[in-house]
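What follows is a set of notes on a single structure, which appears directly below.
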Amino acid sequence: MSTASPRPAQPLHALVDCNNFYANCERLFRPDLRGRPVIVLSNNDGCVVARSQEAKALGIGMAVPAYRIRDLIEREEVAVFSSNYALYADVSQRVMRVLEEAVPRVEQYSIDEAFLDLSGLADPVALARALRQRVHRWVGVPVSIGLAPSRTLAKLANAAAKRWPATGGVVDLRDPHRQRRLLRLMPVEEVWGVGRRLGRRLRAMGIDSALKLADSDPALMRKAFSVMLERTVRELRGQSCLELEEAPPPRQQVLCSRTFAERVSALAPLREAVSHFAARAAEKLREDGQLTRQVSVYLRTNPHHPREPQHHPLVTVPLPEPTADSRDVLHAALRALETAWRPGHRYMKAGVLLGELVQPRSWQRDLFDHLPTRRRSDALMQTLDRINRAGRGRLFFASEGIRRPWQMRRDHLSPAYTTRWSDLPRVR
DNA sequence: GCTATTATAGGGCGTTCC
DNA sequence: CCGCGGAACGCCCTATAA
């Protein structure tokens with residue numbers, strides 16, 4: 001009976017994470033900014049969303065409102081950029097391509113991170129070092145790599161690779177003794193899945209380091225907190241609970257929302273904004289190859305001004321049949337807006353949410369359904385998308401408006417170096 | 001005066017169904 | 001017929017992450 005079946009090799013996860021990604025994207029074509037503090041602002045130039053190492057050293061925090069550090073920016077000559085997602089998405093794709101060419105199992109986890117399955121490799125550390133060098137040479141952005149038997153440990157290994165330059169940007173955390181040594185140094189909030197709130201509650205129980213969390217009783221953690229934290233504890237002990245997902249499950253909702261450049265009270269400009277978000281959301285839906293059965297619209301007044309009248313309605317409109325046609329989504333969104341809007345409020349943000357998504361094949365019209373299907377919808381939408389892929393915003397709906405006083409501010413936008421010929425830097 | 005965006009998982013609670 | 005208890009679900013909220 002006991003023919004020892006070949007035991008699968010210990011799983012090995014690697015996390016590749018780009019360092020200060022947006023800031024380094026902005027520096028790619030600006031060698032004059034090397035060694036200088038660089039920050040990138042959120043949509044509408046509101047908050048800091050990325051900082052170069054030099055900017056972090058100045059004490060500039062994540063998500064700090066830009067207006068609060070205006071003096072510091074001026075004094076230290078910090079280079080400021082509006083976020084340029086077209087650029088970051090393009091650089092991201094190049095990084096991912098390098099990884100995918102070298103490793104068969106890659107899961108892109110976010111715009112600047114990917115998990116790799118390196119199980120069974122003879123010398124994964126050598127591969128990691130080679131990858132790091134390759135991305136730097138071919139794309140130009142620095143990355144750090146952490147290796148460990150679980151994803152949560154790989155995250156911590158990656159954090160260590162970033163924190164200690166002597167590691168050469170690669171940390172191998174396969175050895176249990178090394179794991180414990182690193183976990184002891186890591187504050188519990190640095191653990192993946194532990195945020196500010198959980199961190200505070202854990203500290204109140206005397207669990208202040210990653211090591212103490214790893215040494216806590218998983219069953220107890222499940223009872224006191226949630227299954228998520230139980231998984232985290234197991235992962236910290238080197239037991240892999242989160243597997244690589246090469247084909248991530250289809251998205252469950254599509255959201256398109258934005259803070260306005262100016263507060264908006266009147267219905268007319270809100271109609272334009274909601275039309276715009278609805279059209280954009282439908283476009284994303286088609287990129288995904290999905291259909292929606294439900295459109296919601298929400299509005300927000302400024303919660304930072306509690307003395308103004310507050311209103312944050314969310315109105316949902318079901319659709320008679322699943323669709324990815326911008327006209328259907330737009331029409332439903334405008335109907336929802338009529339219900340949501342109340343006069344006498346200064347709205348600062350609106351959003352369009354598509355829910356109840358379905359794959360086209362899994363949905364079949366019932367035989368006795370006599371609803372008229374709009375014919376040639378697919379062809380029309382394909383044409384619309386093709387034209388707009390060549391340059392966003394070439395074709396749009398009249399209800400989106402032309403003046404768009406609500407449109408976001410982007411006062412420090414970098415040129416489209418990688419996606420527009422006319423913005424290519426010239427070398428003389 | 002200015003305060004991000006998009007997405008997911010899970011908890012709590014009320015309703016409905018059996 | 002009623003009432004009970006649990007499953008299942010919708011809805012809203014919180015927490016987290018990048």
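Chain letters run A, B, ... following the sequence lines, proteins first, then strands; residues in each count from 1.
Distance, Y88(A) OH to dT6(B) P: 15 Å, rounded to whole Å. The interatomic distance linking R409(A) (CZ) with dT3(B) (C1') rounds to 12 Å, in whole Å. For the pair F277(A) CZ and dA4(B) C1', the interatomic distance rounds to 13 Å; values are reported in whole Å. Atom CD1 of I69(A) is separated from atom C1' of dG1(B) by 16 Å (rounded to the nearest Å). Counting to the nearest Å, the C1' atom of dT3(B) and the CG atom of N43(A) are 14 Å from each other. The nearest whole Å value for the distance from the CZ atom in F260(A) to the P atom in dT5(B) is 10 Å.
Residue S257(A) has a polar side-chain atom (N or O) positioned under 4.0 Å from OP1 or OP2 of dT6(B). Phosphate proximity of dT6(B) to R280(A): absent, as no side-chain N or O sits under 4.0 Å from OP1 or OP2. Contact annotation: R251(A) side-chain N/O to dA7(B) OP1/OP2 distance is under 4.0 Å. Remark: H305(A) is in phosphate contact with dC2(B), judged by side-chain N or O atoms under 4.0 Å from OP1 or OP2.
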Dot-bracket notation for DNA chain B, counting Watson-Crick and G-U pairs under 3.5 Å, with | for partners on another strand = ....||||||||||||||
List, one per line, each side-chain donor-acceptor pair under 3.5 Å for residues 129-136 of chain A, sequence neighbours excluded.
from    : atom 1 : to      : atom 2 : distance (Å)
R132(A) : NE     : V143(A) : O      : 2.9
R132(A) : NE     : G168(A) : O      : 3.4
R132(A) : NH1    : G168(A) : O      : 3.1

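No donor-acceptor pair closer than 3.5 Å links the side chain of E245(A) to the backbone N or O of A247(A). A distance-only check finds a donor-acceptor pair linking the side chain of R27(A) to the backbone of R36(A) [under 3.5 Å].
dC4(C) sits 14 Å from dT16(B) when the C1' atoms are compared, rounded to a whole Å. To the nearest whole angstrom, the two C1' atoms, one in dT16(C) and one in dA4(B), are 15 Å apart.
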Pairwise N/O distances under 3.5 Å, protein to nucleotides 14-18 of chain C:
from    : atom 1 : to      : atom 2 : distance (Å)
dA15(C) : OP1    : R197(A) : NH1    : 2.2
dA15(C) : OP2    : R197(A) : NH1    : 2.9
dA15(C) : OP2    : R197(A) : NH2    : 3.2
dT16(C) : OP1    : G195(A) : N      : 3.2
dT16(C) : OP1    : L198(A) : N      : 2.9
dT16(C) : OP2    : R197(A) : N      : 3.1
dA17(C) : OP1    : G193(A) : N      : 2.7
dA17(C) : OP1    : V194(A) : N      : 3.2
dA17(C) : OP1    : V194(A) : O      : 3.4
dA18(C) : OP1    : K155(A) : NZ     : 2.3
dA18(C) : O5'    : E113(A) : OE1    : 3.4
dA18(C) : O3'    : S110(A) : OG     : 2.9
dA18(C) : O3'    : D112(A) : OD1    : 2.9
dA18(C) : O3'    : E113(A) : OE1    : 3.4

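By the 4.0 Å N-to-carboxylate-O rule, D17(A) lies close enough to K162(A) to be salt-bridged with it.
Side-chain contact check for S150(A) and S240(A): no donor-acceptor pair (N or O, by modelled atom type) lies under 3.5 Å. In the model, Q53(A) has a side-chain atom that pairs as donor or acceptor with a side-chain atom of N20(A) under 3.5 Å. In this structure, a donor-acceptor pair under 3.5 Å is absent between the side chains of T323(A) and D325(A).
Comparing P249(A) and M348(A) against DNA chain B, the residue whose closest nucleotide sits nearer the 5' end is M348(A). Positionally, the nearest nucleotide of DNA chain B for V48(A) lies more toward the 5' end than for the other of S226(A) and V48(A).
If you check every strand for non-hydrogen atoms under 4.0 Å, V64(A) touches nothing. Within the 4.0 angstrom heavy-atom criterion, only backbone atoms of the sugar-phosphate kind lie near R263(A); the bases stay farther away. Within 4.0 Å of R200(A), counting heavy atoms only, lies no atom of the nucleic acid at all.
H311(A) NE2: more than 12 foreign heavy atoms inside a 6.0 Å radius.
Taking the ring axis of F225(A) as reference, the NZ or CZ atom of R201(A) does not stay both within 45° of it and closer than 6.0 Å to the ring centre.
Ring centers of W341(A) and Y298(A): at least 6.0 Å apart, outside the cut-off.
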